Amino acid sequence: MRAIRIKPIRRITYLQLLLLHIGIAFSVYLFPFSSKIIYLFTVAFFFFLIVSKSNKNDEALLAAAYVTGAELFFRMTGGAFFYESGKYLVIAYLLLGLFYKGASKRTLPFWIYLFLLMPGILFSAINLNYETNIRTAIAFNLSGPITVGIVGIYCFFRKISAERIHHIFLAVLLPIIALTFYLFIFTPSIKDALSGTASNVAASGGFGPNQVSTIMGLGAIILFIRLFSIQSRFINIIDIILLSFVCYRGLVTFSRGGMISALICCIAFLIVFFYKSDALTKAKLMPRIVGIAFALIITWLFTSVQTYGLLNLRYSNQDAAGRVKEDITTGRAELIATEMDAFFNAPLTGIGIGKIKEFREEITGVSAATHNELSRLLSEHGMPGLLALIIIVFSPLIYWLFYRPNVYFFAFYFFWLLTISHSSMRLAAPGFIYGLCLLYIIHEKNTLHRKQAQ
């Protein structure tokens, strides 16, 4: 297999899109209310695009991709009118897209998966405390799993061109670039924001470091893929600079999950890409790999200097005094343990959607949200949750075994699996990216049409 050659969006258009989103970052910082205006325009524009084009070129997927990349930016800047709007919009866009183009007949497992989530609603209504807002608890905890189901139904075995998938990547990337520059404006001096080796809220735009790290990691994965797929030196130079910026902002959050997940996903992509390439392509890849590695090492060293070496301590699981911390999971292992206790207490039915937070407080005295979607599905849904888990974990792997749908499969599959294991499904990103590994990418070949002799 030769290197994948994608016809990129024209250089001038790419630069214009980047400058537009950098301008959005400055605009929102200077005029915070503009975030709501931009949000409303974005939502309306993509609804209009899907309807006007009848989703002929998977405009619904493009819309869902942009919302996925922009969700945290609008959530952080107050543009989104409610917290879960990102997941709801992804669901709405894809349902509209299904109305126009339908789904593959092979999506039955994902319909079963959605059906298995329903019993948990009943047991949630029975088990939740009286003072708990049942509707809010169910919506907050069920929106992520439902997103996975709808995305799975839309994407499974859907054929898409290699050029179009890169349009999807770009739609995810552009708002992440806006977020990256917004963070640079919000916290220009990292040295003033340092507070030990714990996750740094100040360096994360005053928002959750775990979520920021996750989105920066996703941006890094897409830029890394583009560096091997887009055959344009000019665009490659821009992308490697952006990769350094994105990685820097992800590292200074001091939240390790997103960046470590990104590293694993990039390695997974590179292994598959390298394996599928012919000898000539492999030889050409080595200088590119060395150049990217050099840029990332420089980024790490620069970040380490900017944080007075605290970054090194953080990633070696030490506190500011250099003492090794006992729990490398920062409390996540205890959260999983209580969720498994809940599963064994009610293995058939589960304890109900949203109940795990109350259960944990009753057992440990600590009110903490879950960080692992896998264990939460077991604790809150019981056996139906276990069956649902088997479907969403193994369906893509069986799909890969038989069809080898795309070279990005393992990068996106691992992103979903690792992200829901350390950050649950607070964002739409893991659910949407899960769907991308289910797409069947077609590499169109140029055909030579000969004029018939007369």
Side-chain angles (χ1 to χ4, degrees), residues 61 87 90-91 94 98 103-120 141-160 165 218 221 257 261 264-265 267-269 271-272 275-276 336 339-340 342-344 347-350 353 370-425 427-441:
L61 200 60
K87 296 172 200 169
V90 168
I91 293 170
L94 294 184
L98 287 170
S104 168
K105 296 178 181 179
R106 311 180 192 192
T107 58
L108 179 61
F110 294 99
W111 289 106
I112 296 173
Y113 161 80
L114 288 175
F115 176 77
L116 289 169
L117 297 177
M118 297 302 105
N141 290 282
L142 205 57
S143 59
I146 288 179
T147 301
V148 172
I150 298 299
V151 171
I153 290 169
Y154 186 93
C155 293
F156 190 62
F157 221 96
R158 184 174 295 271
K159 295 180 180 179
I160 189 169
I165 193 64
L218 176 57
I221 295 168
S261 297
I264 294 171
C265 295
I267 292 173
F269 164 75
I271 290 172
V272 176
Y275 174 76
K276 285 182 169 289
I336 293 174
E339 287 164 5
M340 294 309 297
F343 173 67
F344 291 124
L348 295 179
T349 63
I353 299 170
T370 186
H371 283 264
N372 191 305
E373 195 70 25
L374 304 176
S375 57
R376 192 187 68 78
L377 272 174
L378 292 175
S379 64
E380 295 187 351
H381 295 267
M383 287 305 297
L386 177 60
L387 294 174
L389 199 57
I390 291 172
I391 289 173
I392 58 172
V393 170
F394 290 103
S395 290
L397 295 176
I398 296 172
Y399 181 42
W400 163 265
L401 186 63
F402 285 97
Y403 295 102
R404 305 289 197 274
N406 64 72
V407 73
Y408 317 109
F409 178 91
F410 284 105
F412 293 148
Y413 181 79
F414 286 146
F415 176 82
W416 166 75
L417 188 61
L418 293 170
T419 300
I420 66 171
S421 298
H422 73 78
S423 186
S424 193
M425 288 199 67
L427 296 165
F432 177 77
I433 297 301
Y434 174 85
L436 296 189
C437 74
L438 301 174
L439 294 170
Y440 192 93
I441 297 178

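On a predicted model such as this, the values are computed, not experimentally measured, just so you know.
The minimum heavy-atom distance between Asn372 and Leu374, with the atom names listed, is OD1-N, 2.9 Å. Among all heavy-atom pairs drawn from Phe157 and Ser104, the shortest one is CB-OG, 4.0 Å. Heavy atoms only, all atoms of each residue included: Pro396 and Cys437 are closest at CB-SG, 4.4 Å. Taking every heavy atom of both residues into account, Trp416 and Ile392 meet most closely at CZ2-CD1, 3.7 Å. The two residues Glu373 and Asn141 have their closest heavy-atom pair at OE2-O, 4.3 Å. Contact detail for Ala103 and Arg158: the closest heavy-atom pair is CA-NH2, 4.0 Å.
Below 30°, between 30° and 60°, or above 60°: for Phe410 and Tyr413 the angle between ring planes is above 60°, a perpendicular geometry.
Note: Thr147 OG1 to Leu427 CG = 11.0 Å, rounded to the nearest 0.5 Å. We find the CD1-CG distance between Ile165 and Leu436 to be 5.0 Å, quoted to the nearest 0.5 Å. Of the inter-residue distances, the one linking Leu439 atom CG with Ile160 atom CD1 reads 5.5 Å to the nearest 0.5 angstrom. Atom-to-atom distance recorded for Tyr434:OH and Ile420:CD1 is 9.0 Å, nearest 0.5 angstrom. The structure places CZ of Arg106 at 4.0 Å from OH of Tyr403, a figure rounded to the nearest 0.5 Å.
Contacts of Phe415 classified as ring pair (Phe, Tyr, Trp, His ring centres under 6.0 Å), with partners at least two apart in sequence or in another chain: none.
Looking only at distances, no side-chain donor or acceptor of Lys87 sits under 3.5 Å from a matching main-chain atom of Gly431.
Between Cys155 and Leu61 the shortest side-chain heavy-atom distance falls below 4.5 Å. Inter-residue side-chain proximity for Pro405 and Leu438 is flagged as unmet; no heavy-atom pair is nearer than 4.5 Å.
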* Asked: Would Phe432 and Ile150 count as a side-chain contact (heavy atoms from CB on, under 4.5 Å) if you check the C-alpha gap in whole Å, the side-chain angles of each, and the deciding distance to 0.1 Å?
  -> CA-CA 9 Å; Phe432 177 77; Ile150 298 299; over 6 Å; no
* Asked: When you look at Met340 and Leu378, which way does the side-chain contact (heavy atoms from CB on, under 4.5 Å) test go after all the steps?
  -> CA-CA 7 Å; Met340 294 309 297; Leu378 292 175; 4.1 Å; yes
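In summary, of the residues considered (Ile221, Leu218, Thr419, Val151), a side-chain contact (heavy atoms from CB on, under 4.5 Å) with Ile433 occurs for Leu218 alone.
Judged as a side-chain hydrogen bond (donor to acceptor under 3.5 Å, both in side chains), the pairs with a partner in residues 377-400 (not counting sequence neighbours) are, in order, Arg376-Glu380.
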Anything under 3.5 Å between a donor and an acceptor, one on a side chain of residues 111-118, the other on a protein residue two or more places apart or in another chain? List them.
residue : atom : partner : partner atom : Å
Trp111  : NE1  : Thr107  : OG1          : 3.3
Tyr113  : OH   : Pro145  : O            : 2.8

